[in-house]
There are 4 protein chains.
Amino acid sequence: MQAGSPKWRRRSEARPGEIVQAALEVFAEKGFAAAKLDEIAARAGISKGALYLYFETKEDIFRAVVREAVAPNLDMVEGLLTQATLPFPDLLRLVIGRIVKVIGTTRLGAVAKLVIGESRNFPELARVWHDEVVSRALGAMTGALTRAQARGEIRPGDPRLQAFSIVGPVLMGVIWQETFTPVGASALDLEALALQHCETVLTGLASRVVMLP
Amino acid sequence: MQAGSPKWRRRSEARPGEIVQAALEVFAEKGFAAAKLDEIAARAGISKGALYLYFETKEDIFRAVVREAVAPNLDMVEGLLTQATLPFPDLLRLVIGRIVKVIGTTRLGAVAKLVIGESRNFPELARVWHDEVVSRALGAMTGALTRAQARGEIRPGDPRLQAFSIVGPVLMGVIWQETFTPVGASALDLEALALQHCETVLTGLASRVVMLP
Amino acid sequence: MQAGSPKWRRRSEARPGEIVQAALEVFAEKGFAAAKLDEIAARAGISKGALYLYFETKEDIFRAVVREAVAPNLDMVEGLLTQATLPFPDLLRLVIGRIVKVIGTTRLGAVAKLVIGESRNFPELARVWHDEVVSRALGAMTGALTRAQARGEIRPGDPRLQAFSIVGPVLMGVIWQETFTPVGASALDLEALALQHCETVLTGLASRVVMLP
Amino acid sequence: MQAGSPKWRRRSEARPGEIVQAALEVFAEKGFAAAKLDEIAARAGISKGALYLYFETKEDIFRAVVREAVAPNLDMVEGLLTQATLPFPDLLRLVIGRIVKVIGTTRLGAVAKLVIGESRNFPELARVWHDEVVSRALGAMTGALTRAQARGEIRPGDPRLQAFSIVGPVLMGVIWQETFTPVGASALDLEALALQHCETVLTGLASRVVMLP
DNA sequence: GATGAATGAGCATTCATTCAT
DNA sequence: GATGAATGAATGCTCATTCAT
C-alpha cells in the first residue's frame, strides 16, 4: 500500500459524506441506540476505527446525519420565502408540490422520524430542526397566510393553526409511509394526497365561499 | 420494622399496572434502548429483580406499555362507529373532540411517538397499532366519508385521502407537543387547533359550496 | 387450613427426606450449579421458602444429598468386613454381587458422578466420600487381598493396585451408564459385566495358575 | 455474516489456544457453571471482552476446550487401530502404556471429569466424546479381542465386557487422581497400576490357562 | 491515513436468600 | 409451620472507543 496514492486522496475527501450516507441508512432502519458502528463502517466500506478519523463519537455521526438533512430543507424554506408574492392558492400548490418532491427524492421522512424519536435524548437536534427548518417553514407559511388574510384571499383565523391544517396531512402521510407501510399497511400515494388535500384546504380556507343550505 | 405496617402490604394485583405506568414514563423520555430497567424499577418503587416477577424481558414490558395504551383507543374507535348515523359535520365535530380529549388525558401521544420511533425494531407493535388503532379509526372515518358522499353531504374524492386531510393536523399537533414543545417551542393549543381545523376542513369538503370570484 | 392438622404434622417429619430425594433427582440431572431451588421445591411439593425451614443453604442441601447417599454404602462396607473369612473367590463374588445390587437399586451412581464433578468446589464432600466410603471399601478389599495373599490364594502384588483391578471395571460401567447411555450409547448390562469380570480377574489373580505354551 | 468466510477469521494466531488453555484450567478447577469469564480472561492475559473476539459464548469456549482435548485422543485411537496385527499381549501392553503416557502428559483426566460432570447439560459433548473417543477406542479394543479370540489367544466371552475389564482400572485410577488426591488421599502410581493390571488381566483372559487345585 | 484487535464500562437477566404475612 | 413476593449481588454479554502497528 503506497502512501499518497491519488485514489486514496480523493476518497478521503469523500469519506465523511459516505459515512453520513451509510449512517443515515442504518439510523433510519434501527434508530440511534440500536444502530451499530460496525454496520455503519461496513456499509461505508471502511473499518470501524476509521470512523473516528472523521467523527468524535457516535452522537457526532448522528448529529451530522440530522444536520446534513437540514440543508436541502433550508433551500426549500428559502424557496417558500421568495415566492411569497404569488396569489395564495398558486403559492400553496407550488410549495406543497415542492415539499412532496423533496420528500420523494430524499430520506427526509426517515430523518424526521429520527428527530421525533430521539428528541428527548438529543434536544439540541430537535431544537436545530425546530429553529432552522420547522419554525422557519411554518413562519413562512404563517406569514403568507397573514398576508393573504390581509388581502382578503382567505378567511380570518389563527394563521399558525391554519398552517397546521395545511401541512399536517402531508406529514401524516410521510409518517404513514415510514411506519406502517413497512409492516404491511397499504402504500400511500403521497402525491395524490397532496393534490387532493391542497384543493380541499384551499376551499376550506377561502374567504369568498358560500355554503348553500 | 413494625409488623402489620400497611406500607409493605402486598400489592401484587396493582403491581403490573404500576410497572407499566413507570415504564411508560421512562420509555417516553428515553426511548426503548436508552431506558434502563433500574430506573423503571425505581420509579415503580420496587427492585430491579421484582420486574421479572411480572414480565419476562424488557421487550415484554415495552409491549405491555404499548398494548395497554391501545385499550382506551379501542373504546374510542367503537364510539366512532356507533355514532355513524349523525350528519357528517356533527359526527366529525364529535369525533375530533373526543380524540383531542383522549389525547389530553392520556399519554397516548407519547406512546404514538414510541411506536413511530421503534417501528423498525418492533414491527409487531407497529402492526398491532396499525391493525387495532390506526386502521380501524381510519376505516371508520373512511366509511363515514363514503356514506356522506353518497348522501351528497361532501364532495366526491378518495375518502382515504380525505381522512388524512381531517386527521393529519391533529396528529401533527400531537407530535409538535411531544417533540418541539419540550425543547422550547411555543406550546400549542390542541383544542383550538382541532376546533378551527374542523371548520376549515368541513368547509373544504362540503359539496354545497360556491366560491365567489 | 387448620393449624396442627395431623396430616401436616406427619408430613413435616418426612419433609427433609422428601427434599433430599427431590434434590437428588435435580442435582443428578443438572449438577450442583445448574440445579435450581425452584425446581427442587416444586418436586418436593413445597414452596421455595419452606426449603429454608429445613436447610440453611443450597450447599447444605447438596451436602445432605451426598451424605445421605453415604449411609447405605457404609452398611455395605460393614458387610464386606464381616464376611472377610470366606475363601477369596467366594468373598469377591459375594461382594461384587452386593455392589451391583446396591448400584441397581439406588441412585448411587448419580451421586458418585456428583461427587466426582463437584470435588473441587466441595472438597469436604470428596473427603467424606473418600474417608467413609471409598477408602474403607478399598481398605477392606485390600485387607482381604493381603490375607488371601498370605494364605497363598492369590499371587503376590500390591494389594491396592489389585483392588483397582477388581473394582475399576464396575465403576467404569456405572459411569458409562450415567454418562453415555443417556446420550444414545448402547446400554450396558452391569450384572453381566460384573459376573464375567469376576471370573476374569479371579483367574488373573489366582496363584495356582499355569499358562500352557 | 459473510458467506463462505471461514469461521476462524484472521486472528492473532496464538490467542485461541491460550484462551482454551486458560479455560481448561479454570473449568477443571471449578466446573462449567462456577467458572467465571473474568478469571479465564485474566489467566489468558486478556480482557473479558476480548474473549468474544474468538468465541461466541461461554459454552463455545467450553466446547472448544473439550473438542481440543479430543484431538490427541484421536491420534491415540488411530495408533491402536494400526498396531492391530500384533499378538494380543504385546498389543495390550503397548496400548495401555500409550494411554498412560497420554494421560500423564495431558490434562485428559481433567477433561474426562468435565465431560462426565456436565454430560447432562452438554449432551452433544458427551456424544462427541462417545463417538470420537470412547466408542472408537472401545471398538478398536473389542475388535482386537474378537480377533484374538478367533486366533485362540484369549478365552471366549463378550469382548465388550472384556474391554471394560481391561480399561476400567486405568479409568478408575485417573478419576482417583483427579478427585481424591487433591483432597488428601494418597497419590496413585498410575504406571505401576497399569503394569500390574496388564499382567493380571492378560492372565485372566488367556485361553491356555489351567487353574491347579 | 487506515486497520482491527483490545478494552472496559454498562446493562439485562438470574437466582439464592430473606421476611412480612 | 408455610408461603411467595421481594431483594440485590453476581455475571454473561455488548459495543463505543482506543491505540499499536
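Here is how names work: the chains are called A, B, and so on, in the same order as the sequence lines, proteins then strands, and each is numbered from 1. Values in this document were obtained by computation on a predicted structure and should not be read as measured data.
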Nearest-nucleotide wise, let me know which of D:K58 and A:E59 is further upstream toward the 5' end of DNA chain F.
-> D:K58
Charged tip of A:K58 within 45° of A:F32 ring normal and under 6.0 Å | yes
Walking DNA chain E from its 5' end, the first of B:D38 and D:I46 to be reached, judged by nearest nucleotide, is D:I46
Does the distance from a Lys or Arg side-chain N to an Asp or Glu carboxylate O, for A:E132 and A:R127, drop under 4.0 Å?
-> no
Taking only the side-chain heavy atoms of D:Y52 (C-beta and beyond), determine which of F:dT14, E:dA2, E:dT14 contains the nearest atom.
-> F:dT14
Under the side-chain contact (heavy atoms from CB on, under 4.5 Å) criterion, do A:S119 and B:E178 qualify, and how do the steps go?
-> CA-CA 9 Å; A:S119 61; B:E178 294 285 337; over 6 Å; no
Check the distance between E:dA12's C1' and B:F27's CZ and give it to me in whole angstrom.
-> 12 Å
Can a salt bridge be assigned to the pair C:E39 and C:K36 using a cut-off of 4.0 Å between side-chain N and carboxylate O?
-> no
Check the distance between F:dT17's P and A:Y54's OH and give it to me in whole angstrom.
-> 18 Å
Base, sugar-phosphate, or nothing for B:A34, non-hydrogen atoms under 4.0 angstrom?
-> nothing
To the nearest Å, give me how far apart CG (B:D60) and C1' (E:dA12) are.
-> 13 Å
Rounded distance in Å - CD (A:E39) to P (F:dT14) | 16 Å
Closer than 4.0 Å, any side-chain N/O of A:R15 to the OP1 or OP2 of E:dG1?
-> no
Pick out the pairs of N or O atoms, protein on one side and nucleotides 8-10 of chain F on the other, that lie under 3.5 Å.
none

Nearest-Å distance, CG (D:L51) to P (F:dC15)?
-> 17 Å
Separation of F:dG4 atom P from C:L37 atom CG, nearest Å, is 16 Å
Return the minimal non-hydrogen interatomic distance between B:V115 and A:T179, and the atom names on each side.
-> O-CG2, 4.3 Å
